[in-house]
Chemist: 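Pasting in a structure now, in structure tokens, and then I'll have a few things to ask.
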Amino acid sequence: ETRPRVLSGIQPTSDSFHLGNYLGAVRNWVAMQQTHDCYFCVVDLHAITAGHDPEALRRRTRVSAAQLLAVGIDPEESALFVQSHVPEHAQLAWVLSCITGFGEASRMTQFKDKSAKGGVDRSSVGLFTYPILQAADILLYQADAVPVGEDQRQHVELSRDLAQRFNSTFGETFTVPKAFIVRESAKVYDLQNPTAKMSKSASSPAGVIDLLDEPNRNAKKIRSAVTDTGREIVFDPENKPGVSNLLTIYSALTGRTIDELTTAYEGKGYGDLKKELGAVVADFLTPIQKATQEYLDDPAELDRVLAIGAEKARRVAAPTLAAAYDKVGF
Ligand code: ADP
Ligand code: NA
């Protein structure tokens, strides 16, 4: 295999991915299969750092994997697996945690943000060491590149520092990965609050288009999307964030450029745009929902696919961990 290797993960924290997850992350994974040697992981270990329900986690892990398959992650082409099925992740994380400085870990802004609400004293140690587990995810596969959003850049930097530190302390073991920042044009905003990103955790349900939501429900959310009092359909994220967000989604799902769309909508109103975007979203989601349901209706097949993925992953992860263990004296 001479193509560059990438590792990327997504948390199983909800019963459906939303359009932001798809357009901002997963769609790029699908495309990268053409050019990279891909390892894609449903990161269930990362999903227990802030309290969780075991049955919900089990269901969400499966539904996440089913959706990834449904949108075009090809389990023959890529390794698609569940993080907890590959024990090397947790094992390497321990070793890496022993070469991470407490101060260094304390500088991670995601922990500061996520612990701000409940307070540091009530946050789990797992939330604190989350970026070290993420470093283990990346380094185990000797990944060259990690496709992430801007918010994850600091964690990839930590992975680079830990790889370099391990290599210089114990001898060459890990590839030093590069962050590959996914382009901003794919950013999708909350339909009800179009200056904030569409987010499972922060948006109201009416602001989020879920991949697995009924087409009618999504069409209704789009019809109720917040727009401004003007009437002209122009792309102006600063002054018309609502309309611009709808155009971004429309363009991303159809491949039509923003210019083509604004020309086509000259003289038409927001109502037309919203109605037609509802239909675009429905056309896009219907086959994804059908394929997801097929995997969920055949648990044995989903288990088989995920077992093959875990086996592929371990073919790289096990020798990497063995080399690291040997270097540290185990
Ligand atoms: P959420 O904010 O809904 O909890 P996550 O933080 O779990 O979503 O994001 C998972 C992936 O989806 C990340 O790679 C992130 O960059 C991407 N993503 C999430 N929301 C959006 C959005 N509104 N627009 C573009 N990409 C997004
Ligand atoms: Na989030």
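Read the numbers this way: they start at 1 and go in the same order the structure lists the ligands and their atoms. Small disclaimer: the values here were computed from a predicted structure and weren't measured.
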Chemist: Measuring from non-hydrogen atoms of Lys187 to any atom of ligand 1, is the shortest distance under 4.0 Å?
Modeler: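 So Lys187 counts as touching ligand 1.
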Chemist: Hey, is the main chain of Asp236 close enough, under 3.5 Å, to the side chain of Asn239 for a donor-acceptor pair?
Modeler: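 Not a single qualifying donor-acceptor pair exists.
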Chemist: Where's the contact between Gln152 and ligand 1, heavy-atom distance under 4.0 Å: side chain, backbone, both or neither?
Modeler: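 Looking at Gln152 and ligand 1, no heavy atom falls under 4.0 Å.
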Chemist: When rounded to the nearest 0.5 angstrom, what is the spacing between CD in Gln33 and CD1 in Ile73?
Modeler: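 If we round to the nearest 0.5 Å, Gln33:CD and Ile73:CD1 are 4.5 Å apart.
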Chemist: Please identify each residue that fulfils salt bridge (Lys or Arg N to Asp or Glu O under 4.0 Å) with Lys274, with sequence neighbours left out.
Modeler: none
Chemist: Return the set of residues passing ring pair (Phe, Tyr, Trp, His ring centres under 6.0 Å) with Phe284 (not counting sequence neighbours), or none when no residue passes.
Modeler: Tyr22
Chemist: Evaluate Ser199 for polar contact with ligand 1, using N/O atom pairs at a separation under 3.5 Å.
Modeler: yes
Chemist: Looking only at distances, please establish whether an N/O atom of ligand 1 is found under 3.5 Å from an N/O atom of His18.
Modeler: yes
Chemist: Using the ring of each side chain (for Trp, its six-membered ring), is Tyr130 parallel, tilted or perpendicular to His155, with breaks at 30° and 60°?
Modeler: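 Tilted: the ring planes of Tyr130 and His155 meet at 30° to 60°.
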Chemist: Could you tell me which atoms of ligand 1, counted from 1 in the order shown, lie closer than 4.0 angstrom to a heavy atom of Ser201?
Modeler: 4 (O)
Chemist: Measuring from atom 18 (N) of ligand 1, which candidate in Ser8, Gly207, Ala25, Gly20 has the nearest non-hydrogen atom?
Modeler: Gly20
Chemist: Within ligand 1, which atoms have a heavy atom of Gly24 less than 4.0 Å away?
Modeler: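 Numbered from 1, ligand 1 contributes 25 (C), 26 (N).
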Chemist: Would one find an N or O of Met198, backbone or side chain, under 3.5 Å from an N or O of ligand 1?
Modeler: yes
Chemist: Would you check whether Leu23 reaches within less than 4.0 Å of ligand 1, judged by its heavy atoms?
Modeler: no
Chemist: Begin with the C-alpha distance, continue with both residues' side-chain angles, and end with the deciding distance and a verdict on salt bridge (charged side-chain N to carboxylate O under 4.0 Å, His left out) for Glu157 and Arg107.
Modeler: CA-CA 12 Å; Glu157 275 306 314; Arg107 285 190 290 275; over 6 Å; no
Chemist: For ligand 1, is there an N or O atom under 3.5 Å from any N or O atom of Lys197?
Modeler: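 N/O-N/O distance below 3.5 Å exists for this pair.
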Chemist: Between Gln289 (side chain) and Pro215 (backbone), is there a donor-acceptor pair under 3.5 Å?
Modeler: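 No, Gln289 side chain to Pro215 backbone: no donor-acceptor pair under 3.5 Å.
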